[in-house]
Amino acid sequence: GTNVMHANAGKQPEAAPDEILPLQRFRSTLGRGLYAALFIHLFFIVLFYARDVYVLICVNIVSVLIYVICIWFFAHGYNRLIITLVWVEVLVHAVVATVWLGWASGFHYYLIIFVPLIFANAARSIGNKITFSLLLGAVYVVLDYTMGSISPLSVLPPGSLNIMRYSNIVICLGLLG
């Protein structure tokens, strides 16, 4: 009935026996990724507080709340909803942080992380993978072009900007590893 459909909305359908191991691997990776993202955003709150970048403190508080909600959804099997929320959070956060602090801050690297994740997802068709990659590439190119023609909304001292960029590089490489 309707209640059953509503109760299962956004949940991953039951896996066939030959899909159980990849699904378990996916869920394990997803769970670790959610906790990693939560702690990364807590780190950014401290970093932005130290640099008096209050807009990005607020953005990161919202991100922390999103990841807490995603962890709750994870415990209840709402994989598709989690993936949607994470995509939106990362896209919006990367764009806002890049516009706010500039290209040199390295927040655009988080968009690149999605490319291998798109192609590693066995549940997506090749057409779907190509479409998502092209859309992601378009966002990246537009962001790069835009940042080449506007100044960041907040200017950090060069040392702070280097810490931000290298932190983002290390975090992104760690997330890919």
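No hydrogens, no waters, no symmetry mates; every other heavy atom, side chains included, goes into these values.
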Rounded at 0.5 Å granularity, tell me how far [atom1] in [X] sits from [atom2] in [Y].
{"X": "L47", "Y": "N60", "atom1": "CG", "atom2": "CG", "answer": "9.5 Å"}
{"X": "I82", "Y": "H76", "atom1": "CD1", "atom2": "NE2", "answer": "10.5 Å"}
{"X": "S167", "Y": "F44", "atom1": "OG", "atom2": "CZ", "answer": "6.5 Å"}
{"X": "L30", "Y": "L117", "atom1": "CG", "atom2": "CG", "answer": "10.5 Å"}
{"X": "I113", "Y": "I118", "atom1": "CD1", "atom2": "CD1", "answer": "12.0 Å"}
{"X": "T29", "Y": "L175", "atom1": "OG1", "atom2": "CG", "answer": "12.0 Å"}

Checking [X] now: which residues fulfil side chain to side chain contact (heavy atoms under 4.5 Å, CB included) with it, not counting sequence neighbours?
{"X": "P116", "value": "L176"}
{"X": "T84", "value": "none"}
{"X": "T131", "value": "L135"}
{"X": "I112", "value": "Y109, Y140"}

Mind checking ring-ring contact (aromatic ring centres under 6.0 Å, His included) for [X] and listing every partner two or more places apart, or none if nothing turns up?
{"X": "F74", "result": "none"}
{"X": "F132", "result": "W87"}
{"X": "H41", "result": "Y67, H93"}

Using the rule that two of Ile, Leu, Val, Met, Phe, Trp, Tyr join whenever any of their side-chain heavy atoms come within less than 4.5 Å, decide whether [X] and [Y] are in one cluster.
{"X": "V141", "Y": "I130", "result": "no"}
{"X": "V46", "Y": "L56", "result": "no"}
{"X": "V155", "Y": "V99", "result": "no"}
{"X": "V92", "Y": "I83", "result": "yes"}
{"X": "V88", "Y": "I40", "result": "yes"}

Problem set entry | Between N168 and Y166: side-chain donor-acceptor atoms closer than 3.5 Å | no
Exercise. Which heavy-atom pair separates L34 from I71 by the least distance, and what is that distance?
Worked result: CB-CG1, 3.9 Å
Problem set entry | Distance-minimising heavy-atom pair for A104 and L161 | CB-CD2, 3.8 Å
For this session: Using side-chain hydrogen bond (donor to acceptor under 3.5 Å, both in side chains) as the criterion, list what pairs up with N128, not counting sequence neighbours.
Result: R124
Exercise. Sequence neighbours excluded, which residues qualify as side-chain hydrogen bond (donor to acceptor under 3.5 Å, both in side chains) partners of Y49?
Worked result: none
Problem set entry | Verdict with reasoning, V53 to I57, per side-chain contact (heavy atoms from CB on, under 4.5 Å) | CA-CA 6 Å; V53 185; I57 292 170; 5.7 Å; no
For this session: Examine distances only and state if a side-chain atom of H108 and a backbone atom of W103 form a donor-acceptor pair shorter than 3.5 Å.
Result: yes
For this session: Taking S105 for its side chain and G102 for its backbone only, find out whether a donor-acceptor pair lies under 3.5 Å.
Result: yes
Using a 4.5 Å cut-off on heavy atoms from C-beta on, say whether the side chain of [Y] contacts that of [X].
{"X": "C172", "Y": "Y110", "result": "yes"}
{"X": "L136", "Y": "L91", "result": "yes"}
{"X": "L101", "Y": "P152", "result": "no"}

Exercise. Which residue pairs pass the side chain to side chain donor-acceptor pair (under 3.5 Å) test with at least one member in residues 145-162, sequence neighbours excluded?
Worked result: R51-S160, N162-R165
Exercise. Taking it one step at a time, do F107 and V96 satisfy side-chain contact (heavy atoms from CB on, under 4.5 Å)?
Worked result: CA-CA 9 Å; F107 279 96; V96 169; over 6 Å; no
